[in-house]
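Beneath this line is the structure, given in structure tokens, with notes to follow.
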Amino acid sequence: MTDQTPHIGPVRRLLVRLGDIDRRWIYLSMALAVAIPMLTGLSFPETPGKMSSATFDAIESVPAGAKVLFSFDYDPASEGELQPMANAFVHHCAARGHKMAFMALWPLGKQMAEATIDSILLANHPQYRYGEDYVQLGYMPGFETVIKGLTTNFASQYPLDVRGTPIGNIPLMSDVKTLQDFDLIVTVSAGYAGAKEWVQYAKSTYPDAYVLAAGSTGVQANQLFPYYPTQMEGLLAAVKGAAEYETLVAAAYPPPAHPERLEEGRRRMGPQFVAHLLMIGLIVLGNASMFAARGMKGGRR
Amino acid sequence: MFKRGIPIAILSLTGTLLVAAHFSPMTQSWGEVVLNWFSVVAAITAILGAGNLLLVNLEKISSRRPGWAYSAITIAAFAAMLVFGFLKIGAVPNPQNPTVYFAGDYETRESAYGWMYEYVMSPLTATMFALLAFYVASAAFRAFRAKNIEANILLVTAFIILLARTYAAELLTGWVPKDSAFFFVRLDAMSTGVIEHVATAGMRAITIGIALGALATSLRFMLGIDKSYLPRS
């Protein structure tokens, strides 16, 4: 190409050549952009935004010791983005003395909840007793029909907990007849079935029965913005939302043990910062190369 | 007549019941029955799905089609998880019934099923998702080009959001006071503006459009006007 265009300057020639860069160099630069900040522990202070503050306030608005239903609607693919939110939600609720029931609309959500209970709830709040302060209900297939069923008859969807105990015999659940007996619903969601279905089948039907807060992935957040703040009092979007919410929770309720487990969102902001700058750099470079090649014989248009 | 009439009748009945159950407390229990039917049908379709997975992959292996080795791995993994799950290999005894083997929990890390989840499935799915970062970077470099006005608007929006979702927003425009007349040049303010006034408005329109479309399609199904879900013969 360069032999056919002898009158172009060295910078333009370089830009044109960079347009044909092997994609493996891009992969390598992305790997370094993520790995170096992770290894060096690069992190930044977070200033909580409007949505994160609203989410914090929504959970604060529920009286201490209230009943909370957690729905873990994600799997390991979204763990990197959503687990920091789940950690912060559970710690916040435990610090407020809420009673928690854990369920999942995703097959692997049960394992996500199990990990959160072990690493956050029991590690930081050892006073929590199974059956009295928290209960694990596990995964229930059926997507939105499970939510719909919970609003009319809770036991029809969850007759037993994961240990095989009838929920009527569990002190925490003995007076729960329907979903409306909970004060707060928290869903950490990666897609269908998740936050959107909780709005459509639970919150829309009983708008005053409970407060609904959600944590979602960045790609799903756009679908949820229309529901905030009327049908969804709190919404955390992507790692940024998790980091901001973590900042608020850690400041109000410093974790008594393992504080590093409540810094996962903020730790991820360092790699995200460098990776986003790299993305912008690549887009600018790609466009510069396109403009440099314009008008050249065989150049890209 | 029966082949098409009965499915349409079932669909119309269940649809009408669910709509009625939403509005009338009297029919709420009927709606619960219909939801239970859904659970039963969903369980049966899971069996059909597993059978279909076996058929498709076994056919691929027997005919030695390209990529048949992947099918063999799929079937081996499927069979292993099935055996680990059904036989509860290494299950932790249930404290309430410690002597009953099949009362044990097979999903803990100590069991074979839980071990496979923890050390095989979980890292694999996380890895697959993490690979997106590399493909997105490569795609952005090659395809995100300012070729027309629409692409330029998209580019500017992408830059605002990419910068605003990191500390770069604070570094670049954090010095502009939040109560000043130039507050709008702050990247976080621009990002909030894009989300609240553009993305939300657009998404709201799409959501309402989808809802109306779903309503119209459901009515067509329930009234037997649209029969496209039935076999032609």
Side-chain angles (χ1 to χ4, degrees), chain A residues 21 23 26-27 29-31 33-34 44-47 49-50 75-80 108 110-111 114 138 141-143 145-146 148-149 152-153 156 162-165 205 218 221-226 228 237-240 269 272-273 275-280 282-283 285-287 290-291 301, chain B residues 18 21-22 28-29 31-32 35-36 38-39 42-43 46 94-97 103 105 107-108 114 117-118 121-126 128-130 133-134 136-138 140-147 155 158-159 162-168 170 174 188 192 195-196 199-204 207:
Chain A
I21 191 173
R23 69 181 63 188
I26 296 172
Y27 296 160
S29 51
M30 180 50 85
V34 175
F44 303 100
E46 284 298 326
T47 309
K50 208 162 76 174
D75 61 14
S78 309
E79 192 179 1
L108 297 178
K110 186 213 162 197
Q111 279 84 347
E114 206 78 65
F143 312 112
T145 60
V146 174
K148 187 80 188 150
T152 53
N153 184 355
S156 71
V162 290
R163 298 184 182 184
T165 312
T205 320
N222 274 331
Q223 294 175 30
L224 302 177
F225 289 144
Y228 166 84
V239 175
K240 172 79 171 159
M269 289 306 289
Q272 178 155 305
F273 172 75
H276 279 200
L277 289 186
L278 174 70
M279 289 278 290
I280 290 172
L282 285 171
I283 293 169
L285 186 64
N287 279 282
M290 178 189 75
F291 286 115
R301 286 171 191 281
Chain B
L18 281 171
H22 185 80
Q28 209 166 50
S29 58
E32 284 176 37
L35 289 178
N36 287 337
F38 176 86
S39 300
N94 187 326
Q96 291 172 355
N97 298 292
D105 187 355
E107 289 181 308
T108 58
Y117 162 77
E118 187 72 24
M121 184 158 179
S122 180
L124 281 176
T125 48
M128 287 296 292
F129 199 71
F134 298 96
V136 167
S138 178
F141 176 68
R142 289 173 200 289
F144 216 159
R145 298 287 161 87
K147 287 184 174 174
L155 262 176
F159 283 175
L162 280 169
L163 290 170
R165 300 302 286 177
T166 65
Y167 193 63
E170 194 66 26
D188 52 351
T192 306
I195 288 170
E196 287 187 354
T200 303
M203 205 58 225
R204 207 162 264 159
T207 305

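What you see below is based on every heavy atom in this structure, not just the backbone, and it leaves out hydrogens, waters and symmetry mates. In what follows, every chain begins at residue 1, and chains take the letters A, B, ... in the order their sequences are listed.
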What is the distance from atom [atom1] of [X] to atom [atom2] of [Y], rounded to the nearest 0.5 Å?
X	Y	atom1	atom2	answer
B:Y117	A:K110	OH	NZ	10.0 Å
A:Y228	B:T200	OH	OG1	10.5 Å
B:Q28	A:N153	CD	CG	9.5 Å
A:R23	B:R142	CZ	CZ	5.0 Å
A:N222	B:I195	CG	CD1	7.5 Å
A:T165	B:N94	OG1	CG	7.5 Å

Can you see which heavy atom on [X] is nearest to which on [Y], and at what distance?
X	Y	result
A:H276	B:L162	ND1-O, 2.8 Å
A:K240	B:T166	NZ-O, 4.5 Å
A:Q111	B:E107	NE2-OE2, 3.7 Å
A:F273	B:A168	CE1-N, 3.4 Å
A:N287	B:F144	ND2-O, 3.0 Å
A:M30	B:A133	CE-O, 3.9 Å

Taking side chain as everything from C-beta outward and backbone as N, CA, C, O, which of these in [X] sits under 4.5 Å from a heavy atom of chain B? Side chain, backbone, both or neither.
X	value
A:I26	side chain
A:E79	side chain
A:S29	neither
A:L108	both
A:R163	backbone
A:L277	side chain
A:A275	neither

Under 4.5 Å from a heavy atom of chain A, the part of [X] involved:
X	answer
B:F38	side chain
B:L18	neither
B:E118	neither
B:M203	both
B:S138	both

Taking every non-hydrogen pair under 4.5 Å, which of [options] racks up the most with chain B?
options	value
A:E46, A:E114, A:K50	A:K50
A:P45, A:G218, A:A221, A:G49	A:P45
A:P141, A:S156, A:G164, A:A31	A:A31
A:V162, A:T152, A:L224, A:T47	A:T152

More than 12 foreign heavy atoms under 6.0 Å from CZ of B:F134: is that the case here? yes
Quick one, [X] and [Y] - any side-chain contact, counting heavy atoms below 4.5 Å?
X	Y	answer
A:I283	B:F159	yes
B:F129	A:P76	no
A:K148	B:H22	yes

When [options] are compared by non-hydrogen pairs under 4.5 Å with chain A, the top option:
options	value
B:T108, B:V136, B:D188	B:V136
B:S29, B:A126, B:G114	B:A126
B:A137, B:G202, B:A199	B:A137
B:A146, B:A143, B:A103, B:S39	B:A146
B:A140, B:A201, B:A130	B:A140

